[in-house]
Protein chains: 2
Amino acid sequence: MSHERDLDYDAWLQETPLRGLACPPPLRALVVFGSPSEPVLETAAAEWTRAVQAAFGERPVRLQPSLDAYPDAPFVAMGLVPELPLGLRELAAKALEAAVSDDAYAIVSTGGNIAVVAHTPAGLLYGAFHLIRRLRLGQPLHEPCVSSPHNALRMLDHWDNADGTIERGYAGQSLFYRGGQIDFDERRVADYARLLASIGINAIAINNVNVHPIETRFLTEAYLPGIARLADIFRRYGIRLFLSINFASPVDLGDLPTADPLDARVEAWWRAAADRIYRHIPDFGGFLVKADSEFRPGPFTYGRDHKDGANMLARALAPHGGLVIWRAFVYNCLMDWRDRRSDRARAAYDHFVPLDGLFLDNVLIQIKHGPIDFQVREPVSPLFGGLRSTNVMLELQITQEYTGQQRDVCYLAPMWKQVLDFDTHARGEGSTVAEIARGALFGRPHGGMAGVANVGDSPNWTGHSLAQANLYAFGRLAWDPSLDPAEIAREWAQLTYGDEADVVRTVEAILMASWPAYEAYTAPLGVGFMVNPGHHDGPNPEGYEYSKWGTYHYADWRGIGVDRTMATGTGFTGQYHEPVRSLYEHLETCPDELLLFFHHVPYTHALHSGKTVIQHIYDTHFDGVEAVAWMIEAWRRLAGRIDPVRFERVLARLLDQYDRAVEWRDVINTYFYRKCGIPDDRGRLIYP
Amino acid sequence: MSHERDLDYDAWLQETPLRGLACPPPLRALVVFGSPSEPVLETAAAEWTRAVQAAFGERPVRLQPSLDAYPDAPFVAMGLVPELPLGLRELAAKALEAAVSDDAYAIVSTGGNIAVVAHTPAGLLYGAFHLIRRLRLGQPLHEPCVSSPHNALRMLDHWDNADGTIERGYAGQSLFYRGGQIDFDERRVADYARLLASIGINAIAINNVNVHPIETRFLTEAYLPGIARLADIFRRYGIRLFLSINFASPVDLGDLPTADPLDARVEAWWRAAADRIYRHIPDFGGFLVKADSEFRPGPFTYGRDHKDGANMLARALAPHGGLVIWRAFVYNCLMDWRDRRSDRARAAYDHFVPLDGLFLDNVLIQIKHGPIDFQVREPVSPLFGGLRSTNVMLELQITQEYTGQQRDVCYLAPMWKQVLDFDTHARGEGSTVAEIARGALFGRPHGGMAGVANVGDSPNWTGHSLAQANLYAFGRLAWDPSLDPAEIAREWAQLTYGDEADVVRTVEAILMASWPAYEAYTAPLGVGFMVNPGHHDGPNPEGYEYSKWGTYHYADWRGIGVDRTMATGTGFTGQYHEPVRSLYEHLETCPDELLLFFHHVPYTHALHSGKTVIQHIYDTHFDGVEAVAWMIEAWRRLAGRIDPVRFERVLARLLDQYDRAVEWRDVINTYFYRKCGIPDDRGRLIYP
């Protein structure tokens, strides 16, 4: 097996020949309208050429563009609107009329030819990958369409450290660093950039938001040339590079006695740093900042607030067109578990809503989807509905920190879709997170989505092969949140494993079953953090119960849950707009799956489902394990229809997942049984 | 304060002048009988000289020894028996008659002179330090005495890693290593050796029993010269150097495909390694081995057992007089919490008793004092009573892994004393651990005590100044287990802080109160491991409850504890001899403090004390905090009577300890209240 080609490396850009298909005539020729020295345009052309050659074994002939005569033979054209021949130009301009984004593309068809058109090289690149997707999915190539990304920023956040490790990474070491140095395989990084571009990613933060001493020096001449080399690679794929920065850099680098954002020396220091970066990377994206969070330095040290800190950095970047992405993940991480009125869930809203309207226009506040921290089930952060005059960005976690660490399959798109579709009612019905994050709801100039990357240098990028689907889905949803997660799963399965219907259906079914399964065998009813401290994997029902991290469930012999109501609890529900506020406030209307997030109830409380809380816990934990057993069975039926390397790799993970699910089931069931002494009403084995 | 001399550095060998005392005449002269080129003899003379000079500002005159004439003036003599003038020789020989150990010394007094006599230079060194102790304690210097160490091996185990870290170390970085190299401050190591010699330590293992890749190479020419330099320093203080070794060294160093102890190539490899070591260190002590324990390699990999592994190494060392110290800390660390019949406490006995009598004579089995792992309260390991034809050694943990990590004061001598005095009844009454560990009970050729060191490169050696008392007490008890821990505490306090009675009494009282206090506010009634996973500090009542480490308490809504009885439990009690076995087996006779170690009982079970289990838990946790409050008060009354550096340092730790004790109290009380719902019968605040 070791000599066999690892098809997982190509992920959703497989290069196997398309079986039994002859090359359609237009694909035999390619004509590009635009400056041939424009690298992204050339990338688009090269990708298309490569895809056609892989599919049919034939390399398209590159025809010379001409403004007055079409070639005789049918062809595929790629062109920037102003560079197109007149007739096509009008057609293209019309097709792109409604598309506001520079990244938009259209596919138009004229006389048997296919043209991908866009206003920018990046748009053409996305159009080319769209056409490649159609090709691999067997969809009609000629069908006219126009596509404009929903989000201007479609970003990946890498939590990679200069020492080569990746915080919360489960797929090997960093693609960018080794032993404290910028040290990478150019080919591999380019292949990565290509995967990202193919799903519409256009921004990447290349280092951990927890910025350690070495990464603090990324802003210096010692590291910038290496970082610029990375930027060069990503640029060819239309991806702008961002850096996470250490707010205390002026002090930590030994230049100033203070990092006070209102100190003129500090402002000048950051201006000089920005100038320096842009000398190396003219299209540098900007800074990603975790400040005053989990012991990271920030403006609080100097009696300043987030606005002071973010705006100071924003002023340094503004002349170059750079952005400050400031994380809202700010909370007291020295909480007192004794104080049931204190509530970490409230923190982001409490910190940032008072500052609404005070941030400069090139600042975005990046908000985690839930108010706690990427748990398998949380309500949507009320901060999305709270900030009206501030750019925001939605932060999702593709890496499976709390959702199985890429040992368990857990396809997250359905969860993300719930977040995107969540109606905050901030401006009445239809005020979805998707509309807020893009900036449209409140007419903000910037917006977008960021996902914490789940890749490393493992041969298949993501450790668990099926975790590639999460990266794929993130990109697709960032481009178009109206997509159906099941449809994305199907698409991914077909691109990855080929078009055998049974394979596609099975993979889709496994993916779609996986998040509900993970939720079922782990944390019940919106309770989170029943995990081992530190690494966050595996069950430990009270691992965080008395910690300083603000993650409690208050289980006792009678009941469990956090009372976050306005009436008797922490008042967190008050951070939502009506009618969401009342929905969560009242036990009668609170959705079952979030019950324990919002309410403390006895184990005998009856859910809307009719079951008691305790019976729900037992049932879901037995069901979750059964779901994994079913996945294994379903996957095994694909033996022989997926190449053995990829088949066995997934099977091994699924078998491991089964053992892990059993452990979760038994620990959680025993934990609750030991708490309340109520037996399972179906008499299944719960260890005493 | 930073310019003030740090008196903690001198620990119990303070060099302040003795107030108001004139130098007694014999102390003004010193005569040494023995070869002046014998380094340990010179160390003894130098230490005595230094002590006299420090105490009185006068350096004793060194007189030339003569076999036929005493000097005219009174003097102190130090001499090896055969080198003494005839009269004195006879006196010395008679005094030492009953002393079997080479390390024994006697103090004899003739005509106003004081003579320290011994058979060996090391004996003289211990005698010199005894005289120094008398001097500092204000005890009569002339009083004749003889002292022979109870244990032949009085050893410190350092868990230092080559990278400079110390596993379970709470006092800075290693004194021996930095950045993967043998890299030390000669002066500092010599000062350390001196402290150890002054309390009778004669052996030291200088690297962690978990031997990582770098330390594996300690056996090679790359590292042996550096290690030899360390050995040279310790040798001057009568201390032999040991190395912890990696059982898989022949494989890990790339020399052989196997480490099978019965493979002739492996045996030859270790023989060559031993020969190489002894070329560098002629008095090398031997190997300390953690094998087949917590994922360390060992003979099990090759289908062999501990005897095969240990004896193979023993054969390699035997020609040089080296020892193999093989740890009995072997258990399954992938246990299943569901299986209440499996019991980690049984493991050492189950592994080693079947091998009794099969180990070579230069092998010792080093046994942790309790069957689990250095908890604040455990019964004594039954393995001490189980091995009759095998050399054993008692392993204590001076470093406070589970007893406050040198942030809390916890004077461990009272606990150790209970262990040493514990009567196994292995050969009827009087079969104490102290008699077994020294080898006497079963007439074994080797025996001793090892303590896991609690020192690092912090200015005061141990982080918490009062933790120096643990190191001191370990040495004193290893020399003489009949000593009273309170007496040792008093002695240490006076040597360290001077002879003001109030200071001495207070320090003694704080030390003596500290272990009971720590037990009170942490783990109740013999339950252990209610700590945070990994670092083992701070409360986490179920942190290890569902882990693979075999450390459970099975608390549910009704009760708590591990049933280790023969009648209904794991049968662990059957590993003890009668009458201990029955004492622990029966609820009626089991001592309260070990109740939950041996029995699972309801919270309402009445203890011998008359309290219920739950009320005992509440009471001890409130009491424990009160005890710390008392310590702070008591210490504060010493303000002005201890130098400010040392006073404030301890005060800061005590104040920190108070907060920690409160945290323990509240977490444990709340945990149990949430389990059972039984209120405190005194109505104190227990957070719900």
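Lettering of chains follows the sequences in order, A, B, ..., and the numbering in each one begins at 1.
- The cationic atom of B:Arg344 (NZ for Lys, CZ for Arg) lies less than 6.0 Å from the six-membered ring centre of B:Tyr331 and within 45° of the ring axis.
- A donor and an acceptor atom, one from each side chain of B:Thr216 and B:Asp252, are nowhere located under 3.5 Å apart.
- Note on residues 668-679 of chain B: pairs passing salt bridge (charged side-chain N to carboxylate O under 4.0 Å, His left out), not counting sequence neighbours, are A:Glu545-B:Arg674, B:Glu542-B:Lys675.
- In this structure a side-chain-to-backbone donor-acceptor pair under 3.5 Å is missing from A:Asn161 to A:Gly164.
- Judged by a 6.0 Å distance limit and a 45° cone about the ring axis, B:Arg377 is not positioned over the six-membered ring of B:Phe597.
- Both the backbone and the side chain of B:Asp666 have a heavy atom closer than 4.5 Å to some heavy atom of chain A.
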Report task. Check the pair B:Asp680 / B:Arg682 against salt bridge (Lys or Arg N to Asp or Glu O under 4.0 Å), numbers first and verdict last. Result -> CA-CA 5 Å; B:Asp680 172 36; B:Arg682 291 170 56 189; 5.8 Å; no
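- With a threshold of 4.5 angstrom between heavy atoms, B:Pro539 does not approach chain A through any atom at all.
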Exercise for review: Carefully, step by step, assess A:Arg338 and A:Asp336 under the rule salt bridge (Lys or Arg N to Asp or Glu O under 4.0 Å).
Suggested key: CA-CA 5 Å; A:Arg338 297 164 190 80; A:Asp336 190 341; 2.7 Å; yes
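- Applying a 4.5 Å heavy-atom cutoff, the residues of residues 547-554 of chain B that approach chain A are B:Tyr554.
- Ranking B:Gly677, B:Pro688, B:Gly543 against chain A, the residue ahead of the rest is B:Gly677, based on heavy-atom pairs under 4.5 Å.
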